[in-house]
Structures are given as structure tokens and as C-alpha cells.
There are 2 protein chains.
Amino acid sequence: MTTEQSKSDISRARILDAAAKTFRQKGYAATTLIEIARAADMQAGSLYYHFGSKDELLEEVLDIGMRRVHEAVEESQEHLPPGSSHRDRIRAAVEAHLTTLLKLDDYTSANIRIFGQIPEDVRRRHIRLRDAYAELWRRILAKAQKSRALRSDIDLGLVRMLLMGALNWSVEWYQPGRTSIQTMADHMCLMLFSGIGIDKPARSSEDETVA
Amino acid sequence: MTTEQSKSDISRARILDAAAKTFRQKGYAATTLIEIARAADMQAGSLYYHFGSKDELLEEVLDIGMRRVHEAVEESQEHLPPGSSHRDRIRAAVEAHLTTLLKLDDYTSANIRIFGQIPEDVRRRHIRLRDAYAELWRRILAKAQKSRALRSDIDLGLVRMLLMGALNWSVEWYQPGRTSIQTMADHMCLMLFSGIGIDKPARSSEDETVA
DNA sequence: ATATGTTTCGAACGCATGTTAGATTTTAGA
DNA sequence: TCTAAAATCTAACATGCGTTCGAAACATAT
């Protein structure tokens, strides 16, 4: 116990890293404990010294992934320069979400990719963190709408879903080098704001009902 | 051979339906042939009279799903009233995509959900259909941009990805009854067009119509 | 009704997986 | 250095999976 990190903690972290990486690549059911163990320089049986079961390992990977995006987006809001517009706020949140998802975080990307294939009871226990993260976005968007930075005649819940979809889906196609995360955040906000934004349109929205 | 549909064809279709449904619900690796067989009122071994392997079954489900969206979107473009604006065209495409994905088509939703977890060689053989579908959207968007219905200073490829993400992600959260597909299509086009649309600097209504 | 081809069954095989537990090695303090 | 605890290994287990194959049930035409 001389070092802050006991050997157990180090191994634990190595296992979690390996699990997140493999889960993300192959999915949950297709990932074998032998693969995880190999990626962590261990034997499969040794994993059970640190985790009670494959599901328990999965659960921790999911939780860590969700906590990381949550914290990243939360921090992005706290570190904004004073007087930032709501567009700036949302842009920062979008960029934080994308950065966590696409840059060196297998936990969050694993979470996003495999959430639809996990066992029922694991999902039930994990869903609270998901809801909390959704609530964070709900607050951000609602505040923007209340400040008249967003139109009032739209379904914010639906917009949030479409937005999260556009962001989360990037984990399926994004390749570093082709498009920068900043560019993605810019386009996302351009689509979102200049569309929903109340700022520029006088009343040019009449042509929307063209036949 | 008296009836149009031989008994074999009927069983085959029943198996494919069962497979698509189960793949969509549980994912590929987690789905067992026993489950598929039970959902098709058969024994697991009997599946092999119709399909050579689990992978072959998967492959056909994927192909059918992709062909269905492709055809749906293609038809939506052909059945447009003459003189439709590009916004109308894209709205129709969005609605066709969503309808196929969310309404009674387990094949397309299975395709979208499990594409990230399928074996390498299956993916390689299926990828052509995916590319063809992407090309269809690329054409639709490019034509809109060329007709000055969309801004020229944006990355259409990126926008297409964000758009497909917003649409495809709906398979993860959509519940019939809460939001209508029409509402989703409306919101999507509102975000897309009034954002990317050229109508804000140079206000006009003629740039919305097809040349 | 019989015979021929079609479709399904049922039981078995081989294999890989998650899991367990005792033996073995490594670590850290006296 | 010695020792007890911590950490890992090794080998085995039970189970469930995809798959195979010969037998049984079914359908159809003569």
C-alpha cells in the first residue's frame, strides 16, 4: 500500500480498458472473456479476482462511459467565457460530447454502440445515468428556448433526440483526419440554430408552405 | 408447383421474418438459431434446409432491409407532384426513410441496428448496397445544392452523415404514438433547411422550386 | 394407392464460452 | 530473509451454441 495505486487497482484499470475497447469493436455478446484477458495480458480466469462476472464488467464500462460524457459536457458549460450566447453554450456542449465520443475514449463510444444489445437487468441498473445525462441536455436546450434563442413552437424533446442521433451516429462513421471535430460542431450548430434560431428570419417562413 | 408460392418459399419467408425480428431485438451474436426457429414454428435443424448457415441468413436479412429503404426513398422521389421544391423532395425522402425504418419493417431496422456487429466477410459483401443507398442521398442533396436550394459553402458529405444519424438513431428511441413520423420529418426539414437554406441572406421563394 | 420428391424432425457431435477452485507465483511488511 | 496476504495461473466443469445427418412426415403426380 505504498503507492496510491495498488497493484489491484492498476490491473483493474487495465482490464476495464481492454473490455471497453473490445466491447466497442465487437459488441457485447460477441466479445469473449478470453479476448479481454489477452488484451489485458492475463488469463481469462484471473479476471474473476477483480470482477464477479462478465455482466459486472460490462456494467462498470457502461457507467464510466456515461459519466465521462456527462462530466465533459458539464465542464464545457462551466468553463464558458462570461456573456457567451446560447449558441456558444450549445456549441461547446456539442463539441464536448463529440470529443469524448470520438477521441480516445473507448468507454463512451462502447456505451453508445452496445447499449442496444445489453441484458435487461444491466440496462435497468444503468438507465439512471442515461436519464441524468438526458436531463442535462434538456436543461441546456430549455434555457436557450426560454431566453428566446430558440423558437418556441418546436418540440424540444424531439429536437434533442434528433440532435443526439446526429452526434451519436458519428461513432459509426467518423474517421480521424477526414473531418475535424470542430467542423462537425460548427455544422451541427449551423443546422440547429440557423434553422431553429429566432434571430434572423423576418417572416420569410411563408415560403415553407409552398405547394 | 401448382401454387405461385411453393411451401418452401412460404417457410423461407417465415424464417426470414423471424430472423429479422429477433436480430433487431437482441442483436446478431446474442440471437440463437433456436430462438429464430421457435419464432418460425420450427426446429433449429430445419433452418438448414433453407439456409446454409446463420451468416447466410443474416446476409439475406441485411440485404432485404437495405433494398427496402432504397426502393422506398426512390419511389418517394418518383411520385412527387410536378414542380415540387427541393425542400419537398427532401422531406419526402426523409419521410420515406423514417416510415420504412419505424413502421412494420423489421428488416430495415435490423439492418441499421446490427450493422456494427456483423462478421467481417458479411459486411464486405453487403457494403455495396449500403454505398448505393448513400449514393442516392448524395444525388438528392447535390441536386438541391446545385439548384441553390442549399448553401454552397457547406460540406454536403458531413451534412448527409449528420442527417442519416438523426434519422437512424430514431430506431433506438422511437415509440409509436408519442410522435408521428410526419412531425419528425417536419422538424428534420425545418432544422435542415431553414438552417442551411439560402433564404436568410437573399430572401426569396423562387430558389425553392426545381429548375 | 403407390411411388417419388419435398420438407421437417430429432438426436447427436464438436466446439467455444463463462465460470470455478485449488495450486502457484508475486508482493510487501517485520 | 521469512512470512502471510494479494494476485495470477492452470486445468477443469457445465452449458449452450451452430451444425450435421439419417429418419420420419408430408405433398404431389401418376
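Every chain is numbered from 1, with letters handed out A, B, ... down the list of sequences. All figures in this text were calculated on a predicted structure; none of them were measured in a lab.
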Salt bridge (charged side-chain N to carboxylate O under 4.0 Å, His left out) partners for Arg89(A), two or more places apart
none

Using 4.0 Å as the upper bound for N to carboxylate O, is an ion pair formed by Glu135(B) and Arg128(B)?
no

For residues 36-44 of chain B, which side-chain donor-acceptor pairs fall under 3.5 Å, sequence neighbours excluded?
none

Please list residues of residues 33-43 of chain A whose heavy atoms come under 4.0 Å from any atom in DNA chain C, ordered by number; otherwise none.
Leu33(A), Ile34(A)

Round to the nearest Å and state the distance from Tyr49(A) atom OH to dG22(C) atom P.
16 Å

DNA chain C base-pair string [pairs: Watson-Crick or G-U under 3.5 Å; |: paired with another strand]:
||||||||||||||||||||||||||||||

Please report the distance, rounded to the nearest Å, between CZ in Phe51(A) and P in dT8(D).
11 Å

I need the CZ-C1' distance between Arg12(A) and dA6(D), as an integer number of Å.
15 Å

Could you list all the side chain to side chain donor-acceptor pair (under 3.5 Å) pairs where at least one residue sits in residues 28-37 of chain B, not counting sequence neighbours?
Lys26(B)-Glu35(B), Tyr28(B)-Asp55(B)

Applying side chain to side chain donor-acceptor pair (under 3.5 Å) to Glu172(A) and not counting sequence neighbours gives Arg113(A)

State which residues pass salt bridge (charged side-chain N to carboxylate O under 4.0 Å, His left out) with Arg123(A); sequence neighbours excluded, sorted by chain then number.
none

Test: ring-ring contact (aromatic ring centres under 6.0 Å, His included). Region: residues 62-104 of chain A. Which pairs qualify, not counting sequence neighbours?
His70(A)-Tyr133(A), His97(A)-Tyr133(A)

Looking at dT8(C), I'd like to know if its phosphate oxygens (OP1 or OP2) sit under 4.0 Å from a side-chain N or O belonging to Ser11(B).
yes

Quick test of your reading: applying salt bridge (charged side-chain N to carboxylate O under 4.0 Å, His left out), list the pairs with at least one residue in residues 61-82 of chain B, sequence neighbours left out, ordered by first then second residue.
Arg68(B)-Asp105(B)

Hydrogens and angles aside, do Asp186(A) and Thr183(A) bring a side-chain donor and acceptor to less than 3.5 Å of each other?
no

Measuring to OP1 and OP2 of dT20(D), would you say a side-chain N or O of Tyr48(B) lies under 4.0 angstrom away?
no

Expressed in angstrom and rounded to an integer, what is the separation of Asp55(B) atom CG from dT19(D) atom C1'?
12 Å

Taken to the nearest whole Å, CG/Leu57(A) to C1'/dT17(C) is 15 Å

Atom CD1 of Ile10(A) to atom C1' of dT8(D): distance rounded to whole Å?
15 Å

Round to the nearest Å and state the distance from Lys54(A) atom NZ to dT17(C) atom P.
9 Å

Would you say Thr32(A) places a side-chain N or O within less than 4.0 Å of OP1 or OP2 belonging to dG18(C)?
yes

Are OP1 or OP2 of dA7(D) and a side-chain N or O of Ser46(A) less than 4.0 angstrom apart?
no

